[in-house]
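First up is the structure itself, then whatever we jot down about it.
Just so you know, these numbers come straight off a predicted model, no measurement behind them. Every chain is numbered from 1 and lettered A, B, ... according to where its sequence line falls, protein lines coming before strand lines.
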Protein chains: 2
Amino acid sequence: MSPRWRSNGNTESVDNYLKAIFYLGGLEECRVSIKALAERLCVAPASVTNMLQKLAASPAPLVEYERHRGVQLSAAGKRRALEVVRHHRLIETFLYRVLDYPIEEVHEEAERLEHFISERFEERIAAKLGHPTIDPHGHSIPTMEGKMATRESILLADVVEDGTFVIESVSDRDAQNLRLLEACGIVPGARMQVSKSASLEGYSVRIGRSSKVFALSCEVALDIRIVRPTK
Amino acid sequence: MSPRWRSNGNTESVDNYLKAIFYLGGLEECRVSIKALAERLCVAPASVTNMLQKLAASPAPLVEYERHRGVQLSAAGKRRALEVVRHHRLIETFLYRVLDYPIEEVHEEAERLEHFISERFEERIAAKLGHPTIDPHGHSIPTMEGKMATRESILLADVVEDGTFVIESVSDRDAQNLRLLEACGIVPGARMQVSKSASLEGYSVRIGRSSKVFALSCEVALDIRIVRPTK
DNA sequence: GCCTAAAATTAGGTATAGCTAAATTGAGTA
DNA sequence: TACTCAATTTAGCTATACCTAATTTTAGGC
Ligand SMILES: [Mn+2]
Ligand SMILES: [Mn+2]
Ligand SMILES: [Mn+2]
Ligand SMILES: [Mn+2]
């Protein structure tokens, strides 16, 4: 058997390349370097070059690739990347809300299953969840049509003056962290009073009306995105 | 990338070979021929020989294979086969009961996902469903420890005299059929009055207290297993 | 404009899991 | 016992997707 083919003719590996290009390209959809892709995907640069050449040479290419000049998603590639992201985030939401997964376990399971669920499965969990727009980490879930809401937010690590903020999202990449953050009440939507602690290199935060104060390292502050309160 | 490795070190393909040997070996766990496996798995006989040689040569073999004498599962192979069957049937039950899948769509989705869910996922859906023992087709779900209840049942096609029976299970392999059978009320647990229709080659059946009578072909009667009513 | 080093590419090789076609084996029949 | 043929095995090939090592290219510093 060759690797399993998804409905649209992609393999799991191809999906993961598309997602990585989408992520690394950012909102401005910049060209992405081979090196950055290799690091993100934990494969050798030569493997990336190989895959991109194959993808770009196909009759309906998912990527635009030029030798030595990096790679961008084509319209079709972006569409597919957004579909996989939708799968990922819907699955995470489902695992968290319906199957009562601990928050730190949803990402790994979603990372696998996102490639193997059918459109029917996608549709059924979306319906079961009431067509959610935000996943348990606070990330936007793209619509079925491939539109994703963008919200303006900043890294907690970029905060320069003390103040009150609302937590927009937390990174899904470090399971350990995630467990701790949730235990502190640092979850999307929570209100947080932040003071930059000059002595310690980091932040003290107070969540909601709680009197407890938590110390966050600069490291951890890179995993938290915040917005100004609407009021 | 090589094909995806499951937690226990198997690939999807290996899992499918184990399941096929388990199924074709029957309750008596007979040796299974290469030809039968090739047909069931829709691959060439040479591919089967290849795979079995590799499986049998591994340090902790999942199968016992002798040249020209067919193949049987080892204890480890049987354990794994039962685990995959458990995944399959739990997933089917979950899709049917929680995600409201139409009965004829559960099998195909389960056939794929059975290889990719984690032990956590298995545990969570089992809990959500109240640790079910029967799937929507009426098949026994093996326990976490790898025990599967066996019930005595016969094919409707083997019925020689008219009578009243309880439907034990219906085959999950023909989606079209399944849709029709469910529409007629021919579902596991239903009580069914059967008369062998000598003129037509087939059966007339009446479900429960209904006055409607359905005609079933001998073909379809091969897809239905029944037991005598307990009372 | 040249030199160097990092980035990218090419070359050559691995494993999985398929395939076809050719050779072999062994079970049942004459 | 010998023959025949279906089942099985072997040999040689393909595709995906990874690897390392060697080579080439580009871009920055001078
Ligand atoms: Mn993934
Ligand atoms: Mn997420
Ligand atoms: Mn399967
Ligand atoms: Mn079933």
Side-chain angles (χ1 to χ4, degrees), chain A residues 1-21 24 30-59 61-72 80 84 111-112 115-116, chain B residues 1-21 24 30-59 61-72 80 84 111-112 115-116:
Chain A
M1 200 214 318
S2 29
R4 191 176 258 291
W5 297 92
R6 275 202 42 93
S7 40
N8 72 345
N10 289 349
T11 60
E12 179 181 6
S13 209
V14 170
D15 276 353
N16 284 333
Y17 276 86
L18 298 179
K19 262 205 330 182
I21 297 166
L24 295 170
C30 307
R31 304 186 87 81
V32 174
S33 74
I34 271 70
K35 199 191 171 219
L37 273 173
E39 262 158 28
R40 173 123 186 140
L41 294 168
C42 300
V43 298
S47 305
V48 175
T49 300
N50 235 274
M51 174 64 96
L52 294 182
Q53 287 176 344
K54 237 186 317 181
L55 289 182
S58 102
L62 294 165
V63 301
E64 282 155 32
Y65 162 77
E66 284 177 274
R67 300 175 87 247
H68 294 281
R69 329 198 71 252
V71 70
Q72 265 180 304
R80 176 62 191 162
V84 180
E111 195 63 41
R112 227 176 325 108
H115 310 286
F116 303 111
Chain B
M1 201 215 318
S2 29
R4 188 176 261 290
W5 298 91
R6 275 202 42 94
S7 41
N8 72 344
N10 290 348
T11 60
E12 179 180 7
S13 209
V14 170
D15 276 354
N16 283 335
Y17 276 86
L18 298 179
K19 262 206 327 180
I21 297 167
L24 294 171
C30 307
R31 302 188 88 83
V32 174
S33 74
I34 269 71
K35 197 187 174 224
L37 273 173
E39 261 158 29
R40 172 121 185 141
L41 294 168
C42 300
V43 300
S47 304
V48 175
T49 299
N50 235 276
M51 175 63 96
L52 295 182
Q53 287 176 344
K54 236 185 318 179
L55 289 183
S58 103
L62 295 165
V63 301
E64 282 154 32
Y65 162 76
E66 283 176 273
R67 300 174 88 248
H68 294 282
R69 329 197 70 250
V71 70
Q72 265 180 305
R80 177 60 190 162
V84 180
E111 195 63 41
R112 225 176 327 107
H115 310 287
F116 303 112

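- Spacing between atom CZ of A:Arg31 and atom P of D:dT26 amounts to 14 Å, rounded to whole angstrom units.
- Protein atom CG of B:Asn10 is 13 Å distant from nucleotide atom C1' of C:dT16, rounded to whole Å.
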- For each nucleotide in nucleotides 6-13 of chain D, reading 5' to 3', give B when a protein heavy atom comes within less than 4.0 Å of its base, S when such contact involves only the sugar-phosphate, and - otherwise. -SSBB---
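- Residues satisfying the side chain to side chain contact (heavy atoms under 4.5 Å, CB included) criterion with B:Ala56, sequence neighbours excluded, are B:Val63, B:Tyr65.
- Pairs engaging residues 31-57 of chain A under the side chain to side chain donor-acceptor pair (under 3.5 Å) rule: A:Arg31-A:Glu66, A:Arg31-A:Gln72 [sequence neighbours left out].
- Side-chain contact between A:Leu55 and A:Val71 is absent, with no heavy atoms from C-beta onward closer than 4.5 Å.
- In this structure, A:Ser13 reaches the D:dC18 phosphate: one of its side-chain N or O atoms is under 4.0 Å from OP1 or OP2.
- Note on B:Tyr17: a side-chain N or O is less than 4.0 Å away from OP1 or OP2 of C:dG18.
- When all heavy atoms of A:Ala38 and A:Ala44 are compared, the closest pair comes out as CB-C, 4.1 Å.
- In this structure, the CE atom of A:Met51 is 15 Å from the P atom of C:dT9, given to the nearest Å.
- Contact check for B:Asn10 versus B:Val84: no side-chain heavy atoms found under the 4.5 Å cut-off.
- Contact record, A:Gly70 with A:Ile34: CA-CD1, 4.5 Å, taken as the closest heavy-atom pair.
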